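To start, the structure itself, in structure tokens.
Everything quoted here is computed from the prediction, not taken from an experiment.
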Amino acid sequence: QVQLVESGGGLVQAGGSLRLSCSASGLFVSSATMGWFRQAPGKEREFVAAISWSGRNTYYGDSVKGRFTISRDNSKNTVNLQMNSLKPEDTAVYYCAADLYGSTAFVGDEYDYWGQGTQATVSS
């Protein structure tokens with residue numbers, strides 16, 4: 001059974017940082033494309049970042065480029081999202097997802113497994 005569990009969300013002031021973690025079980029993060037998506041109430045799901053199965057390629061949504069960094073720790077079977085220079089518009093529930101079949105990294109419908117989400121709130 002595959003399970004993805006996010007952690008690290010919380011409340012932070014604009015300009016601050018959060019580090020989200022996604023702990024995987026039932027799959028190896030080194031064998032899947034791992035992605036982060038976010039969704040705010042009333043808004044569509046938005047691609048945030050992804051890392052290829054090999055770790056050689058990373059991808060970022062335009063709104064977070066230069067501020068967020070995705071990484072993977074194979075020894076802990078986790079994927080992380082370092083979020084710096086946070087803005088109020090970054091406020092959302094952040095979801096970890098896994099794509100086992102080499103699909104387009106930034107298309108959420110192509111991911112096979114999803115975590116429960118963790119809330120990140122950025123105040124002004």
On a heavy-atom basis, the closest approach of Leu4 and Cys96 is CD1-O, 3.7 Å
query: Please walk me through it: do Ser17 and Asn84 pass side chain to side chain donor-acceptor pair (under 3.5 Å)?
result: CA-CA 4 Å; Ser17 298; Asn84 297 328; 2.8 Å; yes
Paired with Thr121, the side chain to side chain contact (heavy atoms under 4.5 Å, CB included) test is passed by just one of Leu18, Thr91, Leu86, namely Thr91
**Request:** Apply side chain to side chain contact (heavy atoms under 4.5 Å, CB included) to the pair Thr33 and Ile51, showing each step before the final yes or no.
**Result:** CA-CA 6 Å; Thr33 297; Ile51 185 167; over 6 Å; no
The side-chain contact (heavy atoms from CB on, under 4.5 Å) partners of Arg19 (sequence neighbours excluded) come to Ser71, Asn80, Gln82
Heavy-atom nearest pair, Gly9 first then Thr118, reads N-OG1, 3.3 Å
For this session: Please assess Val5 against Gln116 for the test side chain to side chain contact (heavy atoms under 4.5 Å, CB included), listing each intermediate value before the final yes or no.
Result: CA-CA 7 Å; Val5 180; Gln116 83 288 350; 4.1 Å; yes
Scanning both residues in full, the closest heavy-atom pair of Ile70 with Val79 reads CG1-CG2, 3.8 Å
Leu11 reachable from Val122 in the ILVMFWY side-chain graph, under 4.5 Å edges: no
For Val93, the side-chain contact (heavy atoms from CB on, under 4.5 Å) test, sequence neighbours excluded, returns Tyr95, Gln119
Nearest heavy-atom approach of Met34 to Cys22 is CE-SG, 4.5 Å
Legend entry - Side chains of Asn77 and Phe28 in contact at under 4.5 Å (non-hydrogen atoms): yes
I'd like to check Leu81 versus Val48 (side-chain heavy atoms, cut-off strictly below 4.5 Å). Are they in contact?
yes
One should read off an interatomic distance between Asp99 CG and Trp114 CH2, to the nearest 0.5 angstrom, of 10.0 Å
Item to complete: Would you indicate whether Trp53, at its atom CH2, is surrounded by more than 12 heavy atoms from other residues, nucleotides or ligands within a distance under 6.0 Å?
Response: no
Tyr111 and Ala50 have their tightest heavy-atom pair at OH-CB, 3.6 Å
Across all chains, not counting sequence neighbours, the side-chain contact (heavy atoms from CB on, under 4.5 Å) partners of Ser124 are Pro88
Here the salt bridge (Lys or Arg N to Asp or Glu O under 4.0 Å) pairs for residues 31-43, sequence neighbours left out, are Arg38-Glu46, Arg38-Asp90
Residues passing the ring-ring contact (aromatic ring centres under 6.0 Å, His included) test with Phe47, sequence neighbours excluded, are Phe37
The reported gap from CD in Gln3 to OG in Ser25 (rounded to nearest 0.5 angstrom) is 4.5 Å
Taken in chain and number order and not counting sequence neighbours, the residues that satisfy side-chain contact (heavy atoms from CB on, under 4.5 Å) with Lys65 are Tyr60, Asp62
Between Leu20 and Trp36, the two heavy atoms sitting closest are CB-CH2, 3.7 Å
| query | Taking Ser52 for the side chain and Asn57 for the main chain, is one N or O donor matched with an acceptor at less than 3.5 Å? | reply | yes
